[in-house]
Every structure is written in C-alpha cells, then in structure tokens.
Amino acid sequence: MADNQQQIDLHPMRHSMAHIMATAITRLWPEVRLGVGPVVDNGFYYDVDIKGGQLSDADFEKIEAEMRKVIADNQEFVRFTKPIDEAIIWAQQAGQPYKEELLNDLKRAGTTSAKDLDVAELGLAAGDDAQVDEVSFYQNGDFTDLCRGPHVAATGNVGAFKLMRVSGVYWRGKEDNPQMQRIYGAAFATEKELRQYLNMLEEAKKRDHRKLGQELDLFVFSPLVGPGLPLWTPRGTTLRKELDRFVQELRDEAGFQEVTIPHITKKDLYEKSGHWAKFKDELFKITTREGHEYAMKPMNCPHHTQIYDSRPRSYRELPIRYRDTTMVYRDEQSGELGGLSRVLCITQDDAHVFCRLSQAKSEALRLWDIIERFYSAVGIPLKLRLSLHDPSNQSAYIGTEEKWEEVENALRAIAKERVGDDFIEAVGDAAFYGPKLDFLGRDALGREHQVATVQIDFGQPEGFDLTCTNEEGADERIVMVHCAVMGSLERFLSVYIEHSAGKFPVWLAPEQVRVITVNQEENTTLFADDLYKKARLLGLRIVVDNDNESVGKKIRNAELMKVPYTLVIGQKEIESGEVTPRIRKDMEVSAEQQSYTIEEFLKTVANEAKSRVSRTSL
RNA sequence: GCCACCUUAGCUCAGUUGGCUAGAGCACCGCUUUCGUAAAGCGGGGGUCUGGGGUUCGAAUCCCCAAGGUGGCUCCA
C-alpha cells in the first residue's frame, strides 16, 4: 500500500490528539471523568463524563481553542510505568473511576474481557495478556493518562484537526452502565488532507440518497405509513425492476427457478428453524382471530425449505436452485432506521440452492460468478470478507464446533482458490446458522458497504431434516447455499444512488429519453407523439415535455432529472427527420457528435439499454 | 430502545431580546408569450408555524409530553 508510511505516522498522531483533547477538556471541566480515547477511521474520539453537564456542538469552539493552546505549548509526551497497584491508587486519587475499573480488570483478569473495548488503548505492556504487573502512562504538561502509546514526541507534533460531533454512549457499551459523551475529532497529517476529508463529506451530503431520492422522485416516506417503510414511485420502481431483472437473468442462466411464497407463516416454522429462539423480538407477530400465532417472514429460507421438502428428492435432481425476490419484515429498533439503509421491509433478491455437500463448492463458485458479473456491470469493485463464528461465544450459534470448523475451512478453501490471500477474515460476523462469504463494495467516494453474500448452511437442513436419497438408496443430509446479490434492494440502492450520484446508465435510467418541443403548434405535437409511440414500441422509457415553457427551461429540467438523452424537436427536425441528441454530461461520447434519423437514434438507445453498457464515468 | 440536536407552504429556507392580518425563491394554477440547447413576463391559490398540554395580557419564539427526522451508541438472520 502506497499510504502505508502515512498510516504509521497518522496513528500515534491521532492518538495524541485524543490526549490533547482530554487535556483541554480537563482544563475546562476539572471534575471530568475520562473513559477511553482511541483512534478511529479519519480521526479519534474520547469518552468523557462531565458531572452535572452536557456538552453540545456549541462547546466545540471552546475545546478546540483550548486544544490549540496545548498544541502551542508543545508539551513533551513522557512515558513512564507504574506497578498495577500503584496505578489503581493513582486512579482513585485522580478521581477517575472508569480508569480504576479498567485497571482492576487488568489486574484481575489480565485483560479487559469486554470485547468491545480496545485493549490496545490501555496501558498493557505489549505481548502479555495473561499477567499484568505494570502499566504504562503518558504525561504531557500536567495531564497524565493511562495509555499504551505510542505517541508523537510532543503536543506540537500534530497535524490538522477538527472536532466533528458529540454523541451519547454507554460506558463499555452496556446499557446499564452510566451514560458518557463521545466526542469525535477528525485529524490528518496536513491541513490539505483535512480539507479533502471535509470536502468528501460535503460531496457525500450532495449525493445523499435521501436527498436524491426526493429530487429524482424515486421513493417517499409517509408519516401515516410509518418510519422505515419506503414507498416507491414509478421511477424508483423502474430502477428496482431493472436491477432485479438483471440479477434474475444471470441466475436463470445458472439454472435457477423462480418460486413464490406467502409473506406470513405460523410461528412453528421459525421454532423449527431456530429463528424464533434467536430473533423472536425482531419479528412482526400476528395473532389470528382464532388465536393462532403467525409472523411476518423475516427471511425466506424456511419457506423455501418446505418447497424442497414437499416430496422425496433424488440425488439426481440436485442441485435444486430457487430464486425469489421478495420482501421480508423485521421489527428493528426505531433509532436504527435511516433512509433506505435500514428499513422495516427489506426486499431481498434471495436464492437458495439445495445440494449435496460435495456440490456446495461448485455452487458457491457459480454464485460468486453471478455476483462478480453484476458488480462489474454497476461499476462497484468488490472485496471479500470471510465471516466466521466466534468460538468464545458458541452458544450464539446452532451446530457443533467441529461442524463449524469444517464448513469454515471449506469456505476458506474456496476463497483461497479463487482470490489467493486477497480477502479478510472477520471472527464473529457469521450468521447464527453458518459462516459467510461477504462481499464489500467500494463506492465512488471510497466508502465500503457490505453488499452481496454467499453462505453455506448446514444448520437449517439439520433443523428441517432435509435429505435426498443417494446412490445407495439411503437418506443423505443435504446442505443449503444462500446467496443474495444485491442483498437488500433498499440498502443496495442507498449505496448505488450515492455511488452513481443519481446519474444512472441508460439501462437503469427511469427516463431514458426526453423529448422537448420548441413550440406547441400542431405539427410539432404530432411529430413528438409519433416519436413517443416509436420509442415505446422499442421498449424505451420516454417522456415528452410539451409544456408551454422556454426551451432553455425545459432543458434545465431534463438536466436536473439526469435524463441520459434529450431531443429538442422543432421545425428543423420535422423537416429533416433527423435529430441531434443532447447527451448527459457525465456520459462518454464518441468523438464526433452526430445526427441520427429518428429510427437510428431510437435503435441505438435501445441497444445501449439492452447491452447494459455503462457510458457513465462515475 | 438510549443520548444529543432538529421540525415554519409540496421543496429549500427567512422570521430581532415573546408584540400587528407569518415572509421569500422554486414548484403548482391562470393569463400573456410560441420561443432553438441549464431558469420568459404578469397575476393567483396554498400555512392550526409537526401534534398535544402549559407559562404569559400576548407564543412560530419560553417550559413539559408525544410523533417524525438527523448524527452517534447498541443491534443487524
């Protein structure tokens, strides 16, 4: 990595910024109790508990000003160590109960067991997490903090920073713990890089899918319908349909068959699948008038297993591949909802393969192909993450440790074969029924989002006792391979709308061609009508703007809606029968700007849509 | 769900320390204009200032509650 060098310098600098901020806050609020202050992407934070007061964004200026003083003082960062018992006494005397708690944990367990705490931030001596005798401190000026380091030499050796936001957090992330405030800062080596980062945030704001969704008329929310329940307009629906059609074409090519299932089920289905025990609280439940308990489906696999299991299956008919793009419903916590990224009704482009264990690998690779073809078409580069279970938390999963390891090794082997070492492993990110190959998409602003997933599942076939009859005439346990290409269409669209900034390629554009009339005279109107009909026959999405507005205004409106092709129709076109399309600015254009006959033009656009080429330069 | 902040017309936003019938631009509707590649002109309609309670002679403005939103936390099959 080219920026490796920078990474090495940035980390201690950002960490030192956290200490500088803590120094400033301690000066301003001497009674403050400090939590932890680690480095995060793009900066740092510190958790603080200020007695009898809340910080707000308005305090940022004050804190920033004080931080600048600390930086100007250029205080040296001095490292020293203390035996753990002395350190505990220090924390007591300093009135730092949170630090004291951390130190006690260190002493007792040798580590802070809470996995949510970044152990590296504590004063642990490197390399030992079994026995802690000594912890390290860093001091700058009259501020001392329990800290592992490393730090820059002095408070003057830092780059540019800006305090970003404040938010409430629980001490060590546990709800019954006291509430603290987390103050986030951005920090970079230079003023220029900080500005670049802030500009990126500005750009992200401009392309926010919630904003574009409104401007481009893609989806809306209604207070009567409720939060987290998007309503898709005709334009947004076109976008969804076209994306889904592409995925389904790729799947059908790979031997998938479409199935259809009801959106509710008796709870018995989920008791059997294990979902009831694990996700009971997140289910939308329904009680019938006769008192039977039903639930909205939160996922589709259990339903699909019942189609598979509706009759005895021979090994000869496997793999059986079902696909089903359908909504699932999850009762998420209200504070979690946001735009399309997190909703209560999720449209999954779901697929399940029922196959023998020996077929799982080739099935997984087949699905991987589909994922790669789809994401290369939409211009989003992928990175692989192997999501594994957390052995220290085995009770969160169904199945035995041995089985998990077997399947994880199988997935790892598939990953290695396909991409070598070019993937990351994430312990604890597995689904409760099996490990996953997760695909992370990198958008045009460099942000990563989890999108597609391929999962090998032995748990549900076990739970539903899914078998096939094998060559010996015996029952053989099968496995399921789950795969979602877009995952959640809502979340995928939140990513894709921001990735593309709403400048959709022709195959996805809700409106592909706009026809602008120069005047409202009869022959112009008739000509436009004729053009419209011809375009519709070719399956094009076309809108005629025959409003009594200036041509300039109508072109502006077409631009604002990010329509790929605009035709201005007046006397000239009527006489010559030729058009010179106006092409949306981001689209790559062949060298000579040309005129077409109407038929040529429409056929060219139809072909562009059909081939799903992307002429946009994102 | 928890914490902080926000909510004025369909949209984007003005609205002094509480003080006249609450404003603008865009959008919408009507009329004029019939126009050549990013905003023609004039006129008009539209608001229980998110909802409910309170304080006050008087509330968009202050307080409380609720809903919705935003940023985080936690969660995410």
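Every chain is numbered from 1, with letters handed out A, B, ... down the list of sequences.
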Could you check which residues of [range] get a heavy atom under 4.0 Å from RNA chain B? Sort them by number, please.
range	result
residues 446-463 of chain A	none
residues 298-306 of chain A	Pro298(A), Met299(A)
residues 266-277 of chain A	His275(A)

Pull out every protein N or O sitting under 3.5 Å from an N or O of nucleotides 67-72 of chain B, one pair per line with the distance.
from: U70(B); atom 1: OP1; to: Arg210(A); atom 2: NH1; distance (Å): 3.1
from: G71(B); atom 1: OP1; to: Arg210(A); atom 2: NH1; distance (Å): 3.4
from: G71(B); atom 1: OP1; to: Arg210(A); atom 2: NH2; distance (Å): 2.9
from: G71(B); atom 1: OP2; to: Arg210(A); atom 2: NH1; distance (Å): 3.3
from: G72(B); atom 1: O3'; to: Tyr184(A); atom 2: OH; distance (Å): 3.2
from: G72(B); atom 1: O2'; to: Ser167(A); atom 2: OG; distance (Å): 2.2
from: G72(B); atom 1: N2; to: Gly168(A); atom 2: O; distance (Å): 3.1

Ring-plane angle category for Phe504(A) and Tyr496(A), please: parallel below 30°, perpendicular beyond 60°, tilted otherwise.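 Aromatic pair Phe504(A)/Tyr496(A) classed parallel.
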What would the secondary structure line of RNA chain B be in dot-bracket form, counting Watson-Crick and G-U wobble pairs under 3.5 Å, with [ ] for pairs that cross earlier ones and | for pairs with another strand? (((((((..((((.....[...)))).(((((.......))))).....(((((..]....))))))))))))....
Non-neighbouring partners of Phe432(A) that pass ring pair (Phe, Tyr, Trp, His ring centres under 6.0 Å), sequence neighbours left out: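 Partners of Phe432(A) by the ring pair (Phe, Tyr, Trp, His ring centres under 6.0 Å) criterion, ordered by chain and then number, come out as His275(A), Phe279(A).
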Below 3.5 Å, can you tabulate the donor-acceptor pairs from side chains in residues 484-492 of chain A to any protein atom, sequence neighbours excluded?
from: Ser488(A); atom 1: OG; to: Glu490(A); atom 2: N; distance (Å): 3.2
from: Ser488(A); atom 1: OG; to: Glu490(A); atom 2: OE1; distance (Å): 3.4
from: Ser488(A); atom 1: OG; to: Arg491(A); atom 2: N; distance (Å): 2.9
from: Glu490(A); atom 1: OE1; to: Thr347(A); atom 2: N; distance (Å): 2.7
from: Glu490(A); atom 1: OE2; to: Arg240(A); atom 2: NH1; distance (Å): 3.0
from: Glu490(A); atom 1: OE2; to: Thr347(A); atom 2: N; distance (Å): 3.4
from: Glu490(A); atom 1: OE2; to: Thr347(A); atom 2: OG1; distance (Å): 2.6

Does any donor-acceptor pair link the side chain of Arg172(A) with the base of C73(B) at a separation under 3.5 Å?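 Check fails, no donor-acceptor contact within cut-off.
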Output side-chain donor-acceptor pairs under 3.5 Å for residues 263-272 of chain A, partner residues at least two apart or in another chain, one line each.
from: His263(A); atom 1: ND1; to: Tyr329(A); atom 2: OH; distance (Å): 2.9
from: His263(A); atom 1: NE2; to: Thr326(A); atom 2: OG1; distance (Å): 3.2
from: Lys267(A); atom 1: NZ; to: Glu293(A); atom 2: OE2; distance (Å): 3.3

Where the side chain of Arg342(A) is defined as all heavy atoms beyond and including C-beta, which of U34(B), C73(B), C75(B) is the nearest nucleotide?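 For the Arg342(A) side chain, the nearest candidate turns out to be C75(B).
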Taking only the side-chain heavy atoms of Phe279(A) (C-beta and beyond), determine which of C73(B), U37(B), A77(B) contains the nearest atom.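 That would be A77(B).
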Applying side chain to side chain contact (heavy atoms under 4.5 Å, CB included), name anything that partners Pro234(A), two or more places apart in sequence or on another chain.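 Listed in chain order: nothing, the list is empty.
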Enumerate the protein-to-nucleotides 10-12 of chain B contacts in which both atoms are nitrogen or oxygen and the separation is below 3.5 Å.
from: C11(B); atom 1: O3'; to: Gln214(A); atom 2: NE2; distance (Å): 3.0

Could you list all N or O pairs between the protein and nucleotides 40-43 of chain B that sit under 3.5 Å apart?
from: A40(B); atom 1: OP1; to: Ser550(A); atom 2: OG; distance (Å): 2.8
from: A40(B); atom 1: OP2; to: Ser550(A); atom 2: OG; distance (Å): 2.3

Considering residues at least two apart in sequence or located in another chain, which fulfil the salt bridge (charged side-chain N to carboxylate O under 4.0 Å, His left out) criterion with Asp429(A)?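 Testing Asp429(A) for salt bridge (charged side-chain N to carboxylate O under 4.0 Å, His left out), a comparison that skips the adjacent residues, returns Arg385(A).
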